[in-house]
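Below: the structure, in structure tokens.
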Amino acid sequence: MENARGIGIMGGTFDPIHYGHLIIADEARQQFGLEKVVFVPAGQPPHKKEYKVSSAEHRYAMTVIATASHPDFICSRIEMDRAGPSYSIDTIREVRNAYPGYQVYFITGADAIAEILTWHEHARLKSLCKFIAATRPGYDLEELRHRLPADYVDQIVFLEVPGVYISSTELRERIATGRSIKFMVPEAVESYIAKNGLYKS
Ligand code: ATP
Ligand code: MG
């Protein structure tokens, strides 16, 4: 499969989507010659998070708006429309079925790849796709390379991206405390957030 055509999956809560997500997706696309990157907003988290996650419809709408201008970025509702808890492995299987013969790459930041061993059916995951682990300020990819089991590291390709110190958590806090998020998210996403009164505490 070395010369197979590639498709990327960019999973996330996207609450809200920001330039960190868009930059790693586009760097991955370019570096690995991916034909498309599919953005998959996560379904409503089953377990309580430390904050109330926005509705899947709002998160999906922001993802569509943010990716609209990129010819190779598409969005998928598969996780949000799936009943019950949402697992990456089901999403990877669905994308494999939709794109037979393609090499599937699951794109994550350095913090998310660190949790790989806690994912559902993680042992089987690695036979279905490769992982792209992008650098993220504050997380040490090198340390990770040594900590993860060798058979995992073989399935992970490491990707250096321009460091973006933005997180959705920080954006939510900024909005809740009346600070600006200008130039951290696409302008249309900023407008959508304001129009719908999202993240106001
Ligand atoms: P939160 O603070 O709510 O966790 P987040 O900014 O981490 O939000 P997620 O939706 O949790 O965004 O992340 C989706 C994916 O994007 C994850 O794989 C995460 O590692 C990656 N990612 C998010 N922000 C960045 C960034 N600034 N640089 C590199 N990777 C990032
Ligand atoms: Mg996160």
Side-chain angles (χ1 to χ4, degrees), residues 8-32 34 37-45 47-56 58-67 70 73 75-76 78-80 86-89 91-92 104-119 122 125 129-145 148 152 155-177 179 181 183-186 189-190 193 198-199 201:
I9 301 174
M10 177 74 206
T13 311
F14 303 137
D15 195 18
I17 190 163
H18 56 70
Y19 280 122
H21 302 128
L22 296 165
I23 287 172
I24 74 171
D26 200 44
E27 285 291 309
R29 179 197 61 79
Q30 185 168 273
Q31 191 77 22
F32 298 98
L34 308 179
V37 176
V38 189
F39 283 70
V40 187
Q44 223 52 20
H47 45 264
K48 269 217 193 81
K49 275 214 161 197
E50 58 280 7
Y51 76 100
K52 196 176 168 299
V53 175
S54 306
S55 75
H58 276 320
R59 293 182 289 107
Y60 180 73
M62 290 188 280
T63 305
V64 170
I65 291 169
T67 55
H70 197 302
F73 284 1
C75 303
S76 166
I78 44 179
E79 287 201 4
M80 44 189 280
S86 211
Y87 296 118
S88 301
I89 193 155
T91 303
I92 292 163
V104 174
Y105 291 86
F106 196 91
I107 305 165
T108 77
D111 59 313
I113 200 76
E115 287 156 22
I116 190 171
L117 290 175
T118 69
W119 291 4
H122 61 81
L125 261 181
C129 69
K130 287 190 173 159
F131 293 88
I132 295 173
T135 50
R136 180 172 192 176
Y139 299 91
D140 188 349
L141 260 191
E142 269 310 308
E143 181 270 334
L144 206 68
R145 205 198 288 266
L148 287 176
Y152 266 98
Q155 287 301 108
I156 302 173
V157 281
F158 293 84
L159 177 69
E160 185 95 28
V161 301
V164 175
Y165 234 114
I166 301 171
S167 70
S168 302
T169 301
E170 156 95 16
L171 293 171
R172 293 190 300 272
E173 282 169 8
R174 281 176 165 266
I175 295 162
T177 53
R179 282 176 294 153
I181 59 162
F183 309 126
M184 298 179 180
V185 302
V189 172
E190 190 187 344
I193 291 170
L198 303 183
Y199 313 120
S201 51

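Only this structure's heavy atoms are used, side chains among them; waters, hydrogens and symmetry mates stay out. Order of listing sets the numbers, starting from 1, for every ligand and every atom in it. Residue numbers run from 1 in the order of the sequence given.
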May I ask you to check if ligand 1 and Tyr51 share an N or O to N or O distance below 3.5 Å? no
Looking only at distances, can you tell me whether any N or O atom of Asp15, backbone or side chain, sits closer than 3.5 Å to an N or O atom of ligand 1? no
Ligand-side contact atoms (ligand 1) for residue partner Gly11, heavy atom cut-off under 4.0 Å: 14 (C), 15 (C)
Within the 6.0 Å centroid threshold, strictly below: Phe32 and Tyr105: yes
Taking only non-hydrogen atoms of Thr108 and a 4.0 Å limit, the atoms of ligand 1 in range are 18 (O)
Would you say Asp15's side chain and Val53's backbone share a donor-acceptor pair under 3.5 angstrom? no
Indicate whether any N or O donor in one side chain lies under 3.5 Å from an N or O acceptor in the other, for Glu79 and Thr91. yes
Could you tell me which atoms of ligand 1, counted from 1 in the order shown, lie closer than 4.0 angstrom to a heavy atom of Ser167? 2 (O), 6 (O)
Output yes when a side-chain donor or acceptor of Thr108 lies under 3.5 Å from a complementary backbone atom of Ala133, and no otherwise. no
One finds that the ligand 1 atoms under 4.0 Å from a non-hydrogen atom of Phe14 are 10 (O)
State whether the side chain of Arg29 and the backbone N or O of Gly8 hold a donor-acceptor pair below 3.5 Å, judged by distance alone. no
Using a 4.0 Å cut-off to any heavy atom of Val164, which atoms of ligand 1 qualify? 26 (C), 27 (N)
Selected option - heavy-atom contact closest to atom 1 (P) of ligand 1, from Ile113, Asp111, Ile17, Thr169: Thr169
Any donor-acceptor pair under 3.5 Å from Gln44 side chain to Met80 backbone: no
State the atoms of ligand 1, each with its element, that fall below the 4.0 Å cut-off from a heavy-atom position in Gly12. 10 (O), 14 (C)
Partner set under side-chain contact (heavy atoms from CB on, under 4.5 Å) for Glu143, not counting sequence neighbours: Asp140, Arg147
Consider every N or O of Tyr165 and every N or O of ligand 1, then say whether any pair is closer than 3.5 Å. no
Check: Arg59 main-chain N/O paired with Ser54 side-chain donor or acceptor under 3.5 Å: no
Looking at Met10, which atoms of ligand 1 are within less than 4.0 Å of one of its heavy atoms? 15 (C), 16 (O)
Of the side chain and backbone of Ile166, name the one, both, or neither that has a heavy atom under 4.0 Å from an atom of ligand 1. backbone
Taking only non-hydrogen atoms of Thr135 and a 4.0 Å limit, the atoms of ligand 1 in range are 29 (C)
Could you tell me if any non-hydrogen atom of Glu170 lies under 4.0 Å from any atom of ligand 1? no
